[in-house]
**Student:** 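Just dropping this structure here.
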Amino acid sequence: MSLFDKFLPIQKARNNLLKSGVNPFHVTVENILSPTEAIMNGRTTILVGTNNYLGLTFHPDCIKAGQEALAQEGTGTTGSRMANGSFLSHRELEKAIADFYGAPYAIVFSTGYQANLGVLSSLAGPGDTILMDGDSHASIYDGCRLGGAEIIRFKHNDVADLEKRLRRLGDRSHRTLIVVEGIYSMLGDRAPLAEIVEVKKKYGATLVVDEAHSLGVLGQHGRGLAEETGVEQDVDCIVGTFSKSLGSTGGFGISFHPEFEFIRYTSRPYIFTASPCPSVVATTKAAIRIIQDRPELRRRLWTNAHQLYDGLLQSGYSLGAEVGPIIAAMIPTKELALAMWQELLENGIYVNLMIPPATPNGECLLRCSVSAAHTEKQIKKIISAFSKLPDATQNHTHPSHVQPEAIIN
Amino acid sequence: MMSYSDILPQLFDTLKPFTKEGFRLKEKTELVAELGLDSLQVMQVLLKIEDQFDISIPLNNLPNIRTVQDLGQEIEKLLKG
């Protein structure tokens, strides 16, 4: 027995996937053409699985800002902010994201994943309790583990279950961190934030909202679900990422609590990693300006989301309950989901294939993420490609070129 | 306060619907390996037990719960607070 033997089952599953023609978890974007198009397998493909909600990855202002920063500040920072110092541009980015939220305190992290690790592990440690939504992203699970707090899951979006568990904690509820997401990444549903805020206040707990998928998407100014729900002042801390609607990389936490600043001194994912490189900081700052100056991007995103949701619904697909930029078609089996995913790709449409254990309730999903940059024509093409697939809601037939028994497991 | 010996028969009753016909649950029965529960079923079982005993089982403790006995002892510990 060697340490490497544990990879044998993964190797077997991967090899089975390859027999079906292509590995959906290892695709190559041969040439990225725009926020919504790329060359994949030598073919021009419409991208509907990017989380590029506002389509800013090719925005000329962002590209110009990045190029200037590269020329003026170099390619990287070569170390952490605590050891090497902060570049002025790191401070400016922190001010930009704090001002965007109207919050006094902001900390920038090198990735969104690290933002959750850094904030959650610092806020709740040994002797504290975390109540997290069961459908939370892996970075939330990992951040909770890193801090050493006691971790309890509550049923996804079930405020009664959350309250029951707060009650069970007794006095410990005052040292409890509740963690939820603005929009959940798999099915695109939102946290019932007004009710969550109510129970949080009733039991004296602390609330963190991860707005990774809702920043730039929800709220009058695009600040996310807390803004849309009108509870920003009752949320203790917001975490988010620059890598989705802002088209960059990096993450952040913002708060109204002055103590939040001290996370810089306690957060290992902040201290022991290289700070964001100057070009990334510059493109992020430019993107924050754009989402403030151009609310029409958000309106365009929602028009596209409605068009795709309605189109897929009319084509007979079972979708997540809420219309939004994440639209997930639920497919009865993973064999069928893989076959459909592959056929979509062959027809020039790239969506995300999501299968258990990454999905809630063991669902198999063809997950679409809509962009403001999609044209009406592209959305029509996507709907048309979906509608030509064997009807997932009516039968379980497989496209003839796929051997179901050769697929996963 | 409920003790382990009070908890065990209740636990057997709750777990019974998750076993194959004719399977006899014992204290040493392994929940995943012997009952063949997948991760979704484990979640369902835990939710049921948590409500039954009005407790929350922390995720941190799950790796140490392999058998019915482990689960019973965890419940006893949590009930004691």
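Quick note on labels: first sequence line is chain A, next is B, and so on, each numbered from 1.
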**Student:** If you draw a 6.0 Å radius around NZ in B:Lys20, do more than 12 non-hydrogen atoms from other residues or ligands fall strictly inside?
**Tutor:**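 It does not: B:Lys20 NZ has 12 such atoms or fewer within range.
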**Student:** Between B:Ser3 and B:Asp6, does any side-chain donor sit less than 3.5 Å from a side-chain acceptor?
**Tutor:**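 Per modelled atom types, B:Ser3 and B:Asp6 side chains form a pair under 3.5 Å.
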**Student:** For A:Asp171, look at atom CG and say whether over 12 heavy atoms of other residues, nucleotides or ligands are found less than 6.0 Å away.
**Tutor:**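 Counting other residues, nucleotides and ligands, CG of A:Asp171 stays at 12 neighbours or fewer.
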**Student:** Side chain, backbone, both or neither: which part of B:Asp51 has a heavy atom under 4.5 Å from chain A?
**Tutor:**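 Both backbone and side chain.
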**Student:** Counting only non-hydrogen atoms closer than 4.5 Å, does A:Arg167 touch chain B with its backbone (N, CA, C, O), its side chain (CB onward), both, or neither?
**Tutor:** side chain
**Student:** Which atoms of A:Tyr141 are under 4.5 Å from chain B, going by heavy atoms: the side chain, the backbone, both sets, or neither?
**Tutor:** side chain
**Student:** Non-hydrogen atoms of chain B under 4.5 Å away: do they reach the side chain of A:Arg168, the backbone, both or neither?
**Tutor:** side chain
**Student:** Does any donor atom in the side chain of A:Asn361 or A:His156 lie under 3.5 Å from an acceptor atom in the other side chain?
**Tutor:**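 No.
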**Student:** Decide whether A:Asp133 and A:Ser136 meet the rule of one side-chain donor and one side-chain acceptor closer than 3.5 Å.
**Tutor:**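 No.
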**Student:** Contact part of B:Leu46 toward chain A, heavy-atom cut-off under 4.5 Å: side chain, backbone, both or neither?
**Tutor:** neither
